[in-house]
Protein chains: 2
Amino acid sequence: MSALKRRSNCPVSSSLDIWGDKWSLLIVRDLMFSKQCTYGDFLKSAEKIATNILASRLQMLEENGIITKLEHPDSKAKVLYKLTQKGIDLLPLMVEINLWAEKYFSLPEDRLAIIREVKKDKEGFVKATTKELQRNSNLT
Amino acid sequence: MSALKRRSNCPVSSSLDIWGDKWSLLIVRDLMFSKQCTYGDFLKSAEKIATNILASRLQMLEENGIITKLEHPDSKAKVLYKLTQKGIDLLPLMVEINLWAEKYFSLPEDRLAIIREVKKDKEGFVKATTKELQRNSNLT
DNA sequence: AATTTTGCTTTCAAATTGCAAGTGCAAATA
DNA sequence: TATTTGCACTTGCAATTTGAAAGCAAAATT
């Protein structure tokens, strides 16, 4: 299933071929917030992704090197997902999505608070958060 | 058809509810490159969008205030589409997509050239291009 | 040993996509 | 003036994808 077929060699089109759907970036979002998630964690998110769709997206994202699967330290039944560097590098994009959304949607206060922080020093936020996510991905 | 239903009040999810599919951002891309496009222009793009999908996406983007329709100066048979401010504000996002793609895809030289320019002064590029697009949207 | 949790897979109806052909109006051409 | 062409869609239909629900095997808990 699903090796990457690029519709064209346009950067936008090629990117959308990987994560251009209604769900993939929500998985990435969850991993940026939580650093690492189990299958069940993703299912708990507010948008209520169907379990079959979740499975297929996780596979797609793994095949395309955005996330990795690793074993949970305290249980063989659980699986941990986390972002690869390629996934972490989606952070600037994620930030811009938030900034756009802040301008055009009414958002809950907790998210607004974060966005306000980001706006004070966007580059700084990206750098710091990137480091945090990288640090997390090194403690295998 | 299709008033916006937000799956949750998360900024990412809400944004994806509008343009989170394989085609919408390609339409936005075309409009950022060309300032204004006819229906036929969109059909000519490399990714070969199906005409019914194009029609439904244009409607969706218009309903959500990302693009506007206006009459072509020299023919009633033609329709011009262009970005609204809300659509122009997707530029920073579009820039980040390009920067991410540059890191992880091999891209044609003409696109790489643009991306290299952008990287020299990202903020400057966004500001200048935003102005250009705004200027275009004022000469009705 | 029995039950529950976890990470999926399967099933199937409903929705969306993609391809091809068609429609209606405007403008260019004969 | 009649006719063909161009443009912006719409329609029909098969194929793919989605979404909701149920099922399943291995591991953990009771």
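Just so it is clear: chains get the letters A, B, ... in the order the sequence lines come, proteins before strands, and each one is counted from 1. For the numbers below, each heavy atom of this structure counts, side chains included, while hydrogens, waters and symmetry mates do not. Here the structure is a predicted model, which means the values were calculated and not measured.
- Between A/Gln36 atom CD and C/dG7 atom P the separation is 13 Å, expressed in whole Å.
- Distance, B/Lys48 NZ to C/dG18 P: 14 Å, rounded to whole Å.
- Taking 4.0 Å as the cutoff to heavy atoms of chain A, we find the contact window on DNA chain D bounded by D/dT18 to D/dA28.
- Here A/Glu47 does not pair with A/Lys22 in a salt bridge; the nearest charged N to carboxylate O distance is not below 4.0 Å.
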Would you tabulate the side-chain donor-acceptor contacts of residues 105-113 of chain A under 3.5 Å, counting partners in other chains and residues two or more places apart, or write 'none'?
{"unit_1": "A/Glu109", "atom_1": "OE2", "unit_2": "A/Arg116", "atom_2": "NH1", "d": "3.4"}
{"unit_1": "A/Glu109", "atom_1": "OE2", "unit_2": "A/Arg116", "atom_2": "NH2", "d": "3.0"}

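- Here C/dA28 presents its P atom at 11 Å from NE2 of B/His72, a figure rounded to the nearest Å.
- Judged by distance alone, with hydrogens and angles left aside, the side-chain atoms of A/Lys78 form no donor-acceptor pair with the main-chain N or O of A/Glu71 at under 3.5 Å.
- In terms of position along DNA chain D, the nucleotide closest to A/Asn52 lies nearer the 5' end than the nucleotide closest to the other residue of the pair A/Asn52 and A/Asp74.
- If you take CG of B/Leu54 and C1' of C/dA20, they are 16 Å apart, rounded to a whole angstrom.
- Residue B/Phe42 is out of contact with every strand shown, counting any heavy-atom pair closer than 4.0 Å.
- Ionic pairing of B/Lys103 and A/Asp89 is present here: one or more N-O contacts between side-chain nitrogen and carboxylate oxygen are shorter than 4.0 angstrom.
- Of the two residues contacting DNA chain D, namely A/Ala50 and B/Thr51, the nearest-nucleotide position lying further toward the 5' end is that of B/Thr51.
- Atom C1' of nucleotide C/dA20 and atom CD1 of B/Ile53 are separated by 13 Å, given to the nearest angstrom.
- B/Asp41 is linked by a side chain to side chain contact (heavy atoms under 4.5 Å, CB included) to B/Cys37, B/Thr38, B/Lys44, counting only residues two or more places apart in sequence or in another chain.
- Here the straight-line distance linking atom CD1 of B/Ile49 with atom OG of B/Ser56 works out to 7.5 Å at 0.5 Å rounding.
- Rounded to a whole Å, the CG atom of A/Leu58 is 10 Å from the P atom of C/dT9.
- Distance OH (B/Tyr39) to P (C/dG24): 17 Å, rounded to an integer number of Å.
- Using a 4.0 Å heavy-atom cutoff across all strands shown, A/Lys69 reaches sugar-phosphate atoms only and no base atom.
- In this structure, A/Gln59 atom CD and C/dG7 atom P are separated by 16 Å, rounded to whole Å.
- Under 4.0 Å is where a charged nitrogen must lie from a carboxylate oxygen, and between B/Asp17 and B/Lys5 no such pair does.
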